[in-house]
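Encoded as structure tokens, the structure appears first; notes follow it.
We number each residue from 1, following the sequence as shown. As a basis for the values below, the full set of heavy atoms in this structure was taken, side chains included, without hydrogen atoms, waters or symmetry mates.
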Amino acid sequence: MSDRPLLDVGNYNPRYGASESVNSNDTPILPYSDEQSRAVAERRLLRKLDLRVAFLVLIYIMNYMDRSNAAAARLRGFEEDLNMKGNQFNTLISILYVGYVLMQAPSNIFLDRMKRPSLYLSSCMAIWGAITLFIGMYHAALILRFFLGFVEAAFFPGAVFLLSRWYKRNELGLRTALLTCGSSISNAFSALIASGVLAGLDGTLGFTAWRWLFFVEGTLTIIVAVCANWILPDFPSTPSVWLSPDEQTLAKQRMEDDAAAGNKDQDDLVEGFSGLSEVLTDWRVWWLGVALCFMIASLSFGNFFPTLSATMGYNATISLLLCAPPWILGTATSFFVARHSDVTGDRFWHITGPLVVGIVGFMIAMSTMNTAVRYLSLFFMTQSSVAYVIFLTWVLNTFSQSRSKRAAAIALINTMATFGNIGASYFWPSNWGPSYVNSYLICILTSAMSIVMCWAFRKHLSRCNEATEAEEHALGLPNGFRYLL
């Protein structure tokens with residue numbers, strides 16, 4: 001079997017600002033005679049880790065499938081059977097993200113203090129799968145969707161934080177892309193699954209097609225959750241049966257080597273809520289949270305993608321099948337862009353490019369009702385989701401020096417971004433269709449605002465790097481930490 005990891009990793013480039021490893025007296029000495037033997041061992045470690053981390057993608061597919069199945073059910077009588085009127089469907093979509101807002105930050109702070117994140121994340125997954133099974137009448141569905149968001153909130157920021165505990169900064173972009181491609185894969189294949197369930201099980205055992213959709217997806221989620229408890233990795237500091245003692249030591253040592261110069265908090269358990277207090281007083285966290293909020297609002301078309309596909313005039317089954325190709329292309333693009341972003345060390349332009357492509361898609365869609373052209377616009381729109389992948393990696397890179405602060409920053413920024421989903425659920429009222437010109441205009445505006453805020457943040461980080469470089473030059477110090485731009 002090859003020693004190459006699933007996701008190829010080159011030597012650590014000094015452009016990423018890793019400091020030289022400083023071993024304390026209580027740090028075990030790695031049994032590698034030279035850098036070449038360590039590199040071989042590190043590739044073997046990454047190969048093992050990549051295999052387990054890949055399971056996070058399947059979990060994220062189920063996560064996204066369970067939160068977006070209402071959009072597919074809408075095409076087969078979900079709205080009519082629950083007697084929804086006006087903006088009630090939009091409220092049903094929005095209420096899920098209220099639960100997200102309330103739970104994301106506390107969940108990640110709790111996760112940082114756990115030894116077995118695999119047990120915590122898999123338990124949350126089993127609970128949200130069970131909730132999906134029981135979605136029925138409107139007011140009951142409203143309550144259940146709230147609790148669904150409350151439990152689902154633990155997964156994504158927790159998974160991103162888990163990645164940041166195992167992978168170095170120049171490895172995170174591609175792994176984050178691997179994780180977040182789960183949403184694009186889910187958008188593609190959940191539409192295919194929904195088309196089969198909605199067309200083939202309607203009336204079986206007296207249940208309508210959309211009820212069967214919730215039954216099938218909820219059951220699949222519970223099955224995957226049981227497997228996740230045994231497959232997902234825990235933290236490097238937690239003893240693992242799938243790692244040898246030397247590999248366990250290497251996993252911890254390589255993250256220490258990647259820590260910021262002079263920082264001693266990387267592997268220390270921080271008591272209390274000091275990480276959260278640091279985040280709450282750091283304006284950069286709030287700035288990035290607002291920027292991501294605008295970006296998420298511009299990506300709100302994903303929650304209504306089956307509806308936008310249906311505006312082309314085809315029946316429910318064909319409309320769902322047509323949803324798959326644009327998301328498949330978006331998934332493929334995200335890997336290429338993320339890998340190129342890691343290699344070049346650039347984040348801003350790899351965020352801006354996909355958002356601009358998405359803006360082009362919005363402009364095409366609002367300019368015509370021609371079926372072929374509108375379907376082409378969907379391919380452009382899905383490219384903008386690639387920006388979300390790179391943005392998350394940028395957050396991890398920027399707050400990489402302190403473990404506790406990184407956990408709290410991820411959670412708070414994702415929490416603020418969720419407000420974009422709550423408001424954006426009302427960007428797509430039925431009476432604005434089928435052209436949805438106003439909706440696309442709002443998406444263009446929010447994309448532009450996100451780009452402007454990311455540009456201003458890049459300028460700030462650039463000035464910080466210049467100041468650090470000048471200080472090191474004046475004091476004769478070696479190159480230390482640098483922010484990625």
- Task: Any chance you could lay out the side chain to side chain contact (heavy atoms under 4.5 Å, CB included) test for F55 and V224, step after step, and finish with the verdict?
- Result: CA-CA 9 Å; F55 200 77; V224 173; 3.9 Å; yes
Below 6.0 angstrom between ring centroids: does that apply to [X] and [Y]?
| X | Y | value |
| --- | --- | --- |
| Y388 | F391 | no |
| F235 | W166 | no |
| Y440 | F301 | no |
| W394 | F457 | yes |

- Query: Got a sec, which residues hit side-chain hydrogen bond (donor to acceptor under 3.5 Å, both in side chains) with T307, two or more places apart in sequence or on another chain?
  - Reply: R74
- Should C454 and T352 be marked as a side chain to side chain contact (heavy atoms under 4.5 Å, CB included) after you check the CA-CA gap, both sets of side-chain angles, and the distance that decides it? CA-CA 8 Å; C454 287; T352 301; 5.6 Å; no
Taking side chain as C-beta onward, heavy atoms only, is [X] less than 4.5 Å from [Y]?
| X | Y | answer |
| --- | --- | --- |
| W128 | F155 | yes |
| L56 | L163 | yes |
| E152 | Y97 | no |
| L250 | R38 | yes |
| Y120 | S107 | yes |
| V357 | V386 | no |
| Y64 | F156 | no |
| N465 | L485 | yes |

- Message: Are more than 12 heavy atoms, taken from residues, nucleotides or ligands other than W230, located less than 6.0 Å from that residue's CH2 atom?
- Response: no
- Message: Please determine whether the number of non-hydrogen atoms from other residues, nucleotides or ligands lying under 6.0 Å from atom CH2 of W455 exceeds 12.
- Response: no
- Does the salt bridge (charged side-chain N to carboxylate O under 4.0 Å, His left out) test come out yes or no for R254 and E42, once each step is laid out? CA-CA 9 Å; R254 58 189 238 104; E42 197 163 336; 2.5 Å; yes
- Across all chains, not counting sequence neighbours, the salt bridge (Lys or Arg N to Asp or Glu O under 4.0 Å) partners of E471 are none
Judged by modelled atom types alone, do [X] and [Y] share a side-chain donor-acceptor pair under 3.5 Å?
| X | Y | result |
| --- | --- | --- |
| S118 | N229 | no |
| D346 | S341 | no |
| T132 | E217 | no |

- Query: Stepwise, does the side chain to side chain contact (heavy atoms under 4.5 Å, CB included) test hold for V395 with V160?
  - Reply: CA-CA 10 Å; V395 171; V160 172; over 6 Å; no
- Basic-acidic side-chain contact under 4.0 Å: R482, E472: yes
